[in-house]
Amino acid sequence: MACSCLSEDTWFTLPQMRSTTLQVQEDQENSENSRPNSAMGEYRLEKVFPVYAVGVSEPDPNLIISVANTASTVGDPIWDAVKLEAKLEAEKEPILSSFLYASILTHDCLERALSFVLSNRLQNATLLATQLMDIFCDVLMHNRCIQCSIRLDLQACKDRDPSCLSYCSALLYLKGYHSLQTHRVAHALWNQGRKVLALALQSRVSEVFGVDIHPAAKIGEGILLDHATGVVIGETAVIGNRVSLMQGVTLGGTGKEIGDRHPNIGQGALIGASATILGNIKIGEGAMVGAGSLVMKDVPPHSMVTGIPAKVIGYVDDQDPSLTMKHDASKEFFKQVSIRCKEARSNGAVA
């Protein structure tokens with residue numbers, strides 16, 4: 001299985017990644033006081049980091065956690081970055097230092113820090129912060145798949161959202177990230193049969209963030225909910241890995257039918273702002289749905305659809321347009337469409 005390093009056009013296999021990680025450890029152990037070798041270790045870690053965090057189509061949770069558990073050598077790159085950024089921000093903005101220490105620096109792992117942030121944002125008179133903290137920690141600390149997902153999602157925010165300044169800011173402030181991670185916890189509770197509690201979390205996320213994701217919805221890894229306001233995802237919706245959804249997206253049903261009644265979004269798809277996708281339909285892998293479109297039929301893989309109702313207007317070159325976040329077709333594409341329309345009109349084929 002191959003995985004992509006988004007910072008370079010380089011492909012790594014998981015065994016290569018493991019061997020690179022071990023080499024970093026060996027360099028650090030054998031050359032602890034050597035400046036050149038230390039620099040080489042840091043360089044190699046930079047190569048490992050995006051692979052660890054981003055482009056694995058089916059990430060190996062055991063590999064992710066094994067990297068996270070080697071704190072004395074390689075460490076958990078995402079968590080290390082969050083802590084470093086928090087320390088720097090605390091120095092630059094003393095007024096936020098206590099907030100940054102309470103939210104990040106006093107915790108020993110990303111899971112506990114995330115639990116603290118979510119519990120404080122979602123607390124109310126019914127769901128106390130201490131109760132929520134226990135709920136989130138209980139799920140996050142014992143579910144390796146979610147531990148993998150929260151890192152992939154955080155990396156997605158940093159890589160794809162140009163307004164995201166740092167991993168730290170995404171963890172603390174991005175409601176799309178918060179909504180998604182709360183859903184992951186709610187989904188785990190739903191599958192455990194704790195459906196009332198899962199629905200309570202869904203309700204709080206809707207109230208606080210303006211995002212409504214049913215706890216039963218199945219959502220992959222490396223997901224970006226950009227801005228997130230107004231996103232609605234129905235009960236039987238399925239979203240593949242590395243998908244990006246803009247604000248106002250609706251993945252809804254078409255009526256009161258039962259069973260699978262919501263869309264299935266293929267991996268790598270990019271769904272534009274305020275797009276509405278209704279019914280048990282398939283949005284193909286690597287497809288792009290234009291902003292404001294109404295989609296009620298299957299969309300072919302790597303195609304571009306827009307309009308009300310949406311129609312195929314072309315095909316995208318990118319394997320995963322969700323990663324490039326290019327929402328418009330190229331100028332050359334529209335030039336070719338214009339030329340063809342003019343030719344068709346001159347031949348009397350178009351009224």
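Neither Ile135 nor Trp190 shares a network with the other; the hydrophobic side chains, linked directly or stepwise wherever heavy atoms of I, L, V, M, F, W or Y lie under 4.5 Å apart, form separate groups for each. The hydrophobic cluster containing Leu88 does not contain Tyr173, counting ILVMFWY residues as joined when their side-chain heavy atoms lie under 4.5 angstrom apart, directly or transitively. A continuous path of hydrophobic side-chain contacts links Ile219 to Ile281 [ILVMFWY only; heavy atoms under 4.5 Å]. Under a hydrophobic-cluster definition in which Ile, Leu, Val, Met, Phe, Trp and Tyr are linked whenever side-chain heavy atoms come within less than 4.5 Å, directly or via other members, Trp79 and Leu174 are assigned to the same cluster. Under a hydrophobic-cluster definition in which Ile, Leu, Val, Met, Phe, Trp and Tyr are linked whenever side-chain heavy atoms come within less than 4.5 Å, directly or via other members, Val211 and Val117 are assigned to the same cluster.
Side-chain atoms of Asn143 do not come within 3.5 Å of backbone N or O of Val139 as any donor-acceptor pair. In this structure, His187 contributes its side chain and Pro215 its backbone to a donor-acceptor pair below 3.5 Å. His214 places no side-chain N or O within donor-acceptor distance of the main-chain N or O of Val232, the cut-off being under 3.5 Å. At distances below 3.5 Å, not a single donor-acceptor pair connects side-chain atoms of Glu89 with backbone N or O atoms of Leu100. For the pair Arg151 (side chain) and Gln147 (backbone), a donor-acceptor distance under 3.5 Å is present. Side-chain N or O atoms of Ser303 include none that pairs as donor or acceptor with a backbone N or O of Val299 at under 3.5 Å. A distance-only check finds a donor-acceptor pair linking the side chain of Ser119 to the backbone of Ser115 [under 3.5 Å].
For the pairing with Arg242, the salt bridge (Lys or Arg N to Asp or Glu O under 4.0 Å) check across Asp153, Asp159, Asp320 returns one residue only, Asp320. Each of Leu201, Val205, Thr182 was checked for a side-chain contact (heavy atoms from CB on, under 4.5 Å) with Leu118, and the lone residue meeting it is Thr182.
Using a 4.5 Å heavy-atom threshold, the side chains of Met288 and Val305 count as separate. With a 4.5 Å cut-off on side-chain heavy atoms, Val295 and Ile283 count as touching. The shortest distance between side-chain heavy atoms of Cys137 and Met133 falls below 4.5 Å. Residues Leu251 and Ile239 form a side-chain contact, since some pair of their non-hydrogen atoms from C-beta on lies under 4.5 Å apart. Side-chain contact between Asn124 and Arg204 is present, with at least one heavy-atom pair separated by less than 4.5 Å. The shortest side-chain heavy-atom distance between Leu140 and Val185 falls under the 4.5 Å cut-off. For the pair Arg194 and Leu197, the minimum side-chain heavy-atom distance is below 4.5 Å. Two residues are said to be in side-chain contact when any heavy atoms from C-beta on lie closer than 4.5 Å; Thr276 and Ser293 fail this criterion.
The aromatic rings of Phe209 and His178 are tilted relative to each other, their planes meeting at an angle between 30° and 60°.
Atom CZ in Phe99 sits 7.5 Å away from atom CD1 in Ile104 (nearest 0.5 Å). In this structure, CD1 on Ile233 lies 10.0 Å from CD1 on Ile277, to the nearest 0.5 angstrom. Rounding to the nearest 0.5 angstrom, the gap separating the CD atom in Gln181 from the OG atom in Ser149 is 7.5 Å. To the nearest 0.5 Å, atoms CG (Leu225) and CE (Met246) are separated by 10.5 Å. The structure places SG of Cys109 at 4.0 Å from CE of Met141, a figure rounded to the nearest 0.5 Å. From Gln267, atom CD reaches atom CD1 of Ile223 across 9.5 Å, with rounding to the nearest 0.5 Å.
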* To do: Applying side chain to side chain donor-acceptor pair (under 3.5 Å), run through Thr236 and Lys218 and close with a yes or a no.
  => CA-CA 7 Å; Thr236 61; Lys218 299 177 181 178; over 6 Å; no
* Asked: Between Ser322 and Arg160, does a side chain to side chain donor-acceptor pair (under 3.5 Å) hold up when you go through it step by step?
  -> CA-CA 8 Å; Ser322 62; Arg160 303 178 211 166; 4.5 Å; no
* Output, in order, the C-alpha distance, side-chain angles, deciding distance and verdict of side-chain contact (heavy atoms from CB on, under 4.5 Å) for Glu111 and Ile150. => CA-CA 8 Å; Glu111 288 75 17; Ile150 64 176; 3.8 Å; yes
* Asked: Do Leu114 and Leu171 pass the side-chain contact (heavy atoms from CB on, under 4.5 Å) test, and can you show the C-alpha distance, the side-chain angles, and the key distance before you say yes or no?
  -> CA-CA 7 Å; Leu114 178 59; Leu171 174 63; 3.7 Å; yes
* Asked: Please walk me through it: do Ser203 and Glu207 pass side chain to side chain donor-acceptor pair (under 3.5 Å)?
  -> CA-CA 6 Å; Ser203 176; Glu207 292 174 28; 3.3 Å; yes
* Candidate pair Tyr315 and Met304, rule side-chain contact (heavy atoms from CB on, under 4.5 Å), full reasoning -> CA-CA 5 Å; Tyr315 291 85; Met304 183 190 309; over 6 Å; no
* Asked: Would Leu199 and Gln202 satisfy side-chain contact (heavy atoms from CB on, under 4.5 Å), going step by step from the backbone distance to the final call?
  -> CA-CA 5 Å; Leu199 291 171; Gln202 175 197 3; 3.3 Å; yes
* Asked: So Ser166 and Ser169, side chain to side chain donor-acceptor pair (under 3.5 Å) or not? Walk me through it.
  -> CA-CA 5 Å; Ser166 63; Ser169 63; 3.3 Å; yes
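Salt-bridge check for Arg261 with Glu235: passed, with a basic side-chain N closer than 4.0 Å to an acidic carboxylate O. Comment: Asp298 does not engage Lys282 in a salt bridge, judged by the lack of any side-chain N to carboxylate O separation of less than 4.0 angstrom.
The local environment of NZ in Lys87 is sparse, with at most 12 non-hydrogen atoms from other residues, nucleotides or ligands closer than 6.0 Å. Within 6.0 Å of atom OH in Tyr101, 12 or fewer heavy atoms from other residues, nucleotides or ligands are found, so the atom counts as exposed in its surroundings.
Scanning both residues, Ala86 and Leu105, for their nearest heavy atoms gives CB-CD2, 4.0 Å. Here the closest non-hydrogen pair linking Gly176 and Ala228 is CA-CB, 3.5 Å. What you find for Val289 and Ala275 is that their closest heavy atoms are CG1-CB, 3.8 Å. Across Arg184 and Gly220, no two heavy atoms sit closer than the pair NH2-O, 2.6 Å. Nearest heavy atom pair, residue Ala287 against residue Pro300, reads CB-O, 3.8 Å. Taking every heavy atom of both residues into account, Ile213 and Ser179 meet most closely at CD1-O, 4.4 Å.
Gln247 and Asp226 are not linked by any side-chain donor-acceptor pair at a separation below 3.5 angstrom, with hydrogens and angles left out of the test.
Both cation-pi conditions hold for Lys158 and Tyr167: the charged atom is under 6.0 angstrom from the six-membered ring centre and inside a 45 degree cone around its axis.
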